[in-house]
Amino acid sequence: MKLLIVDDEELTRNGLVSSFDWGSLGIDQVELADDGINGLQTAGSFNPDIVLCDVRMPRLDGIGMLERIKVINPDIVAIFMSGYSDKEYLMSAIKMGAINYIEKPIDSKELESAIHKAIELCLRLKRESAAQQVSANQAADSLAYYLTTPYNTCKESIEQLSDQFYIHYNQKNKFKYLCTIIVKLASASEASSELPYIYQHLRTELSSSHIHIIYTEKRLYHLVYHIYSDSPISHNSVKNVCDYIKAAFKDMGSYYIAVGGLVEGIENTYHSYEQAVILLQKSFFFDEGSLMLPEVSTKSPDYSIETIISEFSSALEANDQKQVKTLLDRLYSCCKNSTILMPNQVKTYYFNLFSTLYQIRTANQLITDLSIENNENIMDIMDSCFSYDRLHQLLMDKIDAFFSDLDSTVSENKTIYLIKNYIASNYNNPALSVKDISDYAHLSVSYLCTFFKTETGTTLNQYITEYRMDKAKQLLVDPRNKISEISSKVGYNDGNYFGKSFKKIVGLSPSEYREKVMR
């Protein structure tokens, strides 16, 4: 407990400090002030639980000082002292909630009793305040969530929660002007511990502008902030909120921010939220970290995407690398920063491109790329792409790998191709052995090992290990894949052995590699 003693008589102040064992009474810290003005200033920085003050002081008396302190800290407990039997002051002290009124000269037992009562009252008020705060926070969270649904479907709940909110925060008709801001994170793992701090700091920052905020989380990695006020919110104020959010999340991975339009009346909040959701979908085509505002201009595709898809297939079949790159550049130009296209629509186009690539890889007898082997795998890798840039780059990487593999396998022995393809299809089997491969290739184990080393320059076991490590590196790039699970996905039953093998081949442990590529 913290005690502030305010008295204009130095002798009284020093006597109070030296005459009592404040620690034994439950007081941990004591501060002094010599009049009401200085007492008010000290209370602002010291934030005392209890004020022991003289009633009559120069500049500002004890009653006036306490009135102002209670505006900032309504739960503060006061004990008044006076050398005068003044009924008017006594009645004012009682109205101000003083726990006691002690006449000077001070009786030590009387003061000790007053201090004990004050501490008991402080503790009770703190418990009540904490319970009320928990209730208010729950009401705010629930209200923020209900405002993301159409008003007519949960009108009663919204009205009840907003009434609770008004009562706790002593607000009335604050939900007159509103705007919804949604933050979409690529991953909440790094930001989760900071979210409460960001929310509280944002509340403090906005309060000076008479703007308030409630917050909820919806779906996976979607943070919804409703800002509101009893007076119109300027576009500059909304922009300032977004700038703060951008600064708060800049070191926490990839994100997008979408802002709905300003609306009037709590019943229209869903319209702002809905507009932000639509903009958030469009954000997929913009640079990560972009702020999507309602006035984002439209952009029509420069070419027919269907025509590009058709020509892509023909160019890939003809192994025309230059034409394939030209077509992909056109596709990127069509989609980048588009507000006409929808993500699912474009993902359908890319799904067809990945499928075409897989079919042509197979037709050219190239090693199987398991990541695009079936529809489920293709959908998984596309879902892992937080932005359009990542999706397009993934396709470009697969195209580059296709032409690289095509060049390196022009003169490759057909049997070597079959062996590598068998390994690509079975590398995740911990029981995969040289004997299995020799049976598949209809060769003896000794001949298989000699033949493979002669044709490729590496041993069969070394090739299998390096292939598995390449696959492990691909899995480590996606933070959704736990390191403890990756070992089994690439054919290792023993996670420790996998880690040692990975470090031997790559030079970094799996966790170090992930940290490096995720920077």
Side-chain angles (χ1 to χ4, degrees), residues 1-134 170 200-201 204 207-208:
M1 288 286 171
K2 296 194 289 186
L3 171 68
L4 173 62
I5 299 174
V6 187
D7 197 299
D8 59 318
E9 296 179 1
E10 184 177 1
L11 187 61
T12 300
R13 295 195 307 273
N14 294 337
L16 286 170
V17 171
S18 60
S19 300
F20 292 90
D21 182 359
W22 293 108
S24 66
L25 295 177
I27 302 298
D28 304 310
Q29 300 177 54
V30 179
E31 287 285 340
L32 305 176
D34 58 6
D35 64 20
I37 294 295
N38 289 332
L40 184 63
Q41 293 174 346
T42 303
S45 57
F46 181 53
N47 192 27
D49 301 293
I50 303 169
V51 173
L52 174 61
C53 66
D54 194 6
V55 171
R56 295 196 181 195
M57 293 182 292
R59 297 205 295 171
L60 181 65
D61 63 33
I63 303 297
M65 180 193 73
L66 190 63
E67 285 177 343
R68 298 188 191 183
I69 292 176
K70 275 187 170 286
V71 173
I72 303 170
N73 182 3
D75 292 335
I76 198 167
V77 176
I79 303 171
F80 283 110
M81 304 177 291
S82 177
Y84 304 88
S85 298
D86 193 324
K87 187 176 180 180
E88 182 182 345
Y89 274 114
L90 179 59
M91 293 303 297
S92 297
I94 292 171
K95 288 180 181 179
M96 289 303 298
I99 191 68
N100 216 330
Y101 187 93
I102 302 172
E103 289 190 8
K104 296 180 179 178
I106 294 169
D107 180 275
S108 60
K109 290 185 178 179
E110 185 180 2
L111 180 56
E112 287 181 9
S113 175
I115 291 293
H116 285 306
K117 288 180 181 179
I119 290 175
E120 289 177 5
L121 179 57
C122 276
L123 292 174
R124 179 166 62 81
L125 291 174
K126 286 179 183 292
R127 288 193 296 268
E128 291 175 355
S129 179
Q132 291 173 0
Q133 189 62 53
V134 169
N170 194 27
Q200 291 301 327
H201 194 75
T204 303
S207 62
S208 60

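All values reported here derive from a predicted model rather than from experimental measurement.
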| query | Looking only at heavy atoms, what is the nearest atom pair of Cys122 and Met1, with distance? | reply | CB-CE, 3.6 Å

| request: Kindly write out the residues that satisfy side chain to side chain donor-acceptor pair (under 3.5 Å) with Glu9, not counting sequence neighbours, or none if the list is empty. | output: Thr12

| note | What one should report as the nearest heavy-atom pair of Thr42 and Leu32 is OG1-O, 4.4 Å

| message | For Leu125 versus Asp75, what's the shortest heavy-atom pair and its separation? | response | CD1-O, 3.5 Å

| query | Would Ile76 and Leu4 count as a side chain to side chain contact (heavy atoms under 4.5 Å, CB included) if you check the C-alpha gap in whole Å, the side-chain angles of each, and the deciding distance to 0.1 Å? | reply | CA-CA 11 Å; Ile76 198 167; Leu4 173 62; over 6 Å; no

| query | Can you list the steps and then say if Ile27 with Ile119 is a side chain to side chain contact (heavy atoms under 4.5 Å, CB included)? | reply | CA-CA 9 Å; Ile27 302 298; Ile119 290 175; 4.1 Å; yes

| said: Could you measure the distance from the SG atom of Cys53 to the CD1 atom of Ile69? Nearest 0.5 Å is fine. | reply: 7.5 Å

| query | How far does CG of Asp61 sit from CG of Asp8, to the nearest 0.5 angstrom? | reply | 11.0 Å

| Point-to-point distance, once rounded to the nearest 0.5 Å, from CD1 of Ile106 to CD of Glu112 | 12.0 Å

| Results of salt bridge (charged side-chain N to carboxylate O under 4.0 Å, His left out) for Asp35 - residues two or more places apart only | Arg59

| Interatomic spacing from CG in Asn38 to CD in Glu31 - rounded to 0.5 Å | 12.0 Å

| field | Residue of the set Ile5, Val51, Ile115 for which side-chain contact (heavy atoms from CB on, under 4.5 Å) holds with Ile79 | value | Ile115

| field | Heavy-atom pair of closest approach, residues Ala118 and Val77 | value | CB-CG1, 3.7 Å

| query | With sequence neighbours left out, what residues match Lys2 under side chain to side chain donor-acceptor pair (under 3.5 Å)? | reply | none

| message | Quick check: do Arg124 and Leu121 have side-chain heavy atoms less than 4.5 Å from each other? | response | yes

| query | Which atom names give the shortest non-hydrogen contact between Leu25 and Phe20, and what distance separates them? | reply | CD1-CD2, 4.4 Å

| field | pair Val30-Leu16: side-chain heavy atoms closer than 4.5 Å | value | no

| query | Looking only at heavy atoms, what is the nearest atom pair of Val6 and Met57, with distance? | reply | CG1-SD, 3.5 Å

